[in-house]
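Letters A, B, ... mirror the listed sequences (proteins, then strands); counts begin at 1.
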Protein chains: 2
Amino acid sequence: MSAAAGPRPVSIFDVAKRAGVSHQTVSRVINDAPQVAAATRAKVKDAIAELGYRPNRSARALAGGALKSVTVLTTDTSLYGTAETLRGIEDAARAAGFSVLVSVMDPDQAYSEADLLGRLPHDGAAAIVIAHDETTVRAMRALHERQPGATVATCGEHQEDRDADWLISLDDRTVAARATRYLLDMGHRQVHYLAIPGTAGRRTGWSDALAAAGITAPAAVESGWSVAAAAEAATALVADPAVTAILCGNDDLAFGVLHAAHRAGRAVPGDLSVIGFDDYPLAAYHVPPLTTVDLDFRGVGRGAFERLRAMLEGGPDPRPSWRSPELIVRETSGPPRQ
Amino acid sequence: MSAAAGPRPVSIFDVAKRAGVSHQTVSRVINDAPQVAAATRAKVKDAIAELGYRPNRSARALAGGALKSVTVLTTDTSLYGTAETLRGIEDAARAAGFSVLVSVMDPDQAYSEADLLGRLPHDGAAAIVIAHDETTVRAMRALHERQPGATVATCGEHQEDRDADWLISLDDRTVAARATRYLLDMGHRQVHYLAIPGTAGRRTGWSDALAAAGITAPAAVESGWSVAAAAEAATALVADPAVTAILCGNDDLAFGVLHAAHRAGRAVPGDLSVIGFDDYPLAAYHVPPLTTVDLDFRGVGRGAFERLRAMLEGGPDPRPSWRSPELIVRETSGPPRQ
DNA sequence: ATGAAAGCGCTAACAT
DNA sequence: ATGTTAGCGCTTTCAT
């Protein structure tokens with residue numbers, strides 16, 4: 001699909017001829033090989049500039065060179081967390097000269113290993129999966145099993161793998177516990193949890209904190225991913241005057257709860273405290289500003305890429321460079337009304 | 001970066017041997033060439049399945065075959081409109097067997113043509129630019145000039161190009177005028193506009209409607225892209241009791257205005273009507289629900305890809321298949337208080 | 001309907 | 001320090 005027809009693009013041979021050297025020397029120059037005389041290198045670089053030469057990635061890949069690409073697999077690029085993670089990956093990848101491919105999966109479909117591999121540009125191609133639901137979690141496991149040296153994932157759950165070097169995650173469990181305790185400490189007798197599908201970390205942190213306080217956790221209320229689903233799922237919860245505090249799986253759910261609470265005539269935070277997760281840019285400017293948890297998705301994306309690169313190129317394992325989750329208290333949470 | 005070492009991936013020759021045919025016949029089968037005996041085709045397909053063969057995209061591209069990839073260029077993949085457009089492109093691209101590359105540009109940087117081309121996997125590679133600011137608009141022009149047969153853009157502004165077949169855009173101008181008139185018809189004497197950087201369509205529609213009503217348009221208030229920037233930029237505006245209606249460049253800005261209005265003690269919609277653009281999923285669940293304009297970004301993304309494909313493969317020009325912008329009246333707009 | 005030969009642009013090995 | 005020779009896996013011709 002080169003389409004844009006036009007004259008044949010300039011190749012390494014054209015450059016070689018122009019510079020009066022062999023094509024191999026040109027190859028050395030564009031790959032920053034050490035043993036090239038400064039004068040030669042300059043000549044070649046001039047020729048490259050004059051001709052507007054650009055290396056052909058396909059030829060490079062085929063010849064056994066580094067392809068330098070990552071494929072990002074996920075189910076929803078519009079979700080805030082996913083979009084930010086993708087952005088972090090892209091930032092780091094670009095800086096390292098990698099190109100990034102995006103492959104969106106259907107959350108409601110079951111993928112065979114062949115389906116998954118078919119999304120990679122070639123066998124053994126590097127992949128990062130942004131995992132947050134059943135489909136992506138399964139994909140991350142399958143891909144890692146098949147090509148452990150070229151697969152990395154970001155994921156907010158599944159503590160069993162937490163320490164695996166190929167799995168980058170934020171400690172949402174600890175901060176969920178902290179948020180729950182914060183609510184309890186203010187005098188709430190009970191904290192409810194509105195859950196996004198599949199996430200175990202936040203849910204576990206929440207029940208941990210409750211258990212530590214000697215409180216029996218109520219059943220978590222299951223919600224879908226959308227604000228609409230949350231508003232719907234939380235209807236009964238917010239209508240119950242005994243419910244004074246709700247921890248939500250993410251900010252979208254929190255907004256849904258706020259909406260439902262408003263409709264039910266419950267004042268926030270007077271009658272009801274609501275806490276989200278993610279700290280959407282909007283959270284601070286919501287009316288009232290949302291108490292939530294800052295999650296550094298972009299940093300995690302960058303970290304995932306760096307880890308992948310270390311795997312691929314055998315460099316030193318990069319130090320984690322993202323912020324730890326942090327509870328940000330704003331105006332949707334407070335002590336219960338006596 | 002094939003990394004994941006392992007045994008050499010199976011090639012077309014392995015399949016050929018297994019099926020007892022030449023490698024060329026295998027090539028014909030995987031490319032759905034017509035002149036292959038049904039029996040042969042079946043044999044080959046079996047061999048492919050048994051061996052788990054997957055064609056190597058790089059080799060294909062190099063040999064002059066279709067690369068089937070699109071590079072999406074934009075400045076911010078986290079913006080709602082951009083994320084949705086990207087999603088639409090990805091949907092359509094996947095269905096057509098194309099892979100999609102994402103390349104994020106820095107909005108504050110000036111890019112040379114070489115910089116831009118360097119983001120494509122090879123010379124003449126297909127590209128879609130999601131344009132919404134100076135950087136991306138410039139990129140879209142430069143790329144289109146350089147490779148008119150392989151560049152498409154989505155863009156909400158710049159009417160001069162509106163009818164170009166390579167430029168897909170929504171008619172935000174007309175709907176902006178409609179929204180303004182709606183406000184005027186309810187009795188507002190004046191409508192103010194809080195502008196996102198660079199967009200001409202909405203701004204023009206707004207001033208058109210004002211002019212048509214014989215009203216001199218006030219200076220538009222310039223804002224950045226963020227909710228924070230909008231809240232800041234709108235501070236003076238919302239504080240002015242003479243201001244009763246504000247049209248905002250997008251929903252983020254509208255949320256910023258709502259925040260500022262709340263801080264200034266102005267009731268919405270009693271004292272102040274606010275209208276956004278984009279219809280974020282959250283808009284309907286905001287408290288109060290936001291009056292805004294539905295913009296079918298995902299449809300536009302799909303459309304952009306289809307157009308590109310038609311260019312590339314010379315197919316029939318696809319019919320536009322996205323929804324027209326539509327004003328959605330919710331609860332942040334109403335008649336001015338007498 | 002099928003096969004054989006050539007070559008895409010590049011890098012890896014081996015020269016020198 | 002530089003040049004020469006092979007191929008990477010595939011699609012094109014061009015045969016048969």
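In this structure, the nucleotide among dC8(C), dA1(D), dC10(C) sitting nearest to the side chain of N56(A) is dC10(C). Comparing dA1(D), dT2(C), dG9(C) by their closest approach to the side chain of V36(B) singles out dT2(C). Distance from the side chain of S22(B) is smallest to dG3(C) among dG3(C), dG3(D), dC10(C). With distances taken from any side-chain atom of F13(B) to the nucleotides dC10(D), dG3(C), dC8(D), the minimum falls on dC10(D).
Not counting sequence neighbours, H23(A) has no partner by the side-chain hydrogen bond (donor to acceptor under 3.5 Å, both in side chains) test. Checked against salt bridge (Lys or Arg N to Asp or Glu O under 4.0 Å), R309(B) has the following partners two or more places apart in sequence or in another chain: E306(B), E313(B). Every residue two or more places apart in sequence or in another chain that forms a ring pair (Phe, Tyr, Trp, His ring centres under 6.0 Å) with W225(B) is listed here: H132(B). Listed by chain and residue number, nothing satisfies the ring pair (Phe, Tyr, Trp, His ring centres under 6.0 Å) test with Y53(B) (two or more places apart in sequence, or in another chain). With sequence neighbours excluded, the residues that form a salt bridge (Lys or Arg N to Asp or Glu O under 4.0 Å) with R138(A) are E134(A).
Taking atom NZ of residue K17(A) and atom P of nucleotide dG9(C), one finds them 14 Å apart after rounding to whole Å. In this entry the distance linking CD of Q35(A) with C1' of dA1(D) reads 8 Å, nearest Å. Rounded to an integer number of Å, the gap from K43(B) NZ to dA1(C) P is 15 Å. For the pair D14(A) CG and dG9(C) P, the interatomic distance rounds to 8 Å; values are reported in whole Å. If you measure from atom CD1 of I12(B) to atom C1' of dT12(D), you get 12 Å, rounded to the nearest angstrom. When rounded to the nearest whole Å, the span between NZ of K68(B) and P of dT11(D) equals 12 Å. Put simply, CZ on R60(A) is 18 Å from P on dC8(C), counting in whole angstrom units.
Salt bridge present: E90(B) and R94(B) bring a charged side-chain N and a carboxylate O closer than 4.0 Å.
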I'd like a table of donor-acceptor pairs (distance under 3.5 Å, sequence neighbours excluded) in which one partner is a side-chain atom from residues 32-48 of chain A, with atom names and distances.
| from | atom 1 | to | atom 2 | distance (Å) |
| --- | --- | --- | --- | --- |
| R41(A) | NH2 | A33(A) | O | 2.7 |

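Within residues 46-55 of chain A, no residue is approached by DNA chain D to less than 4.0 Å at the level of any non-hydrogen atom. Sorted by residue number, the members of residues 23-34 of chain B with any non-hydrogen atom under 4.0 Å from DNA chain C read H23(B), Q24(B), T25(B), R28(B).
At a threshold of 4.0 angstrom between heavy atoms, the contacts of T40(A) are confined to the sugar-phosphate backbone, with no base atom among them.
Within the structure, every side-chain polar atom (N or O) of S11(A) is placed at least 4.0 Å from both OP1 and OP2 of dC8(C).
Summarising the geometry, atom CD1 belonging to I128(B) is positioned 8.5 Å from atom CD1 belonging to I168(B); distances are rounded to the nearest 0.5 Å.
Judged as a side-chain hydrogen bond (donor to acceptor under 3.5 Å, both in side chains), the pairs with a partner in residues 110-120 of chain A (not counting sequence neighbours) are, in order, S103(A)-R119(A), S112(A)-D115(A), E113(A)-R146(A).
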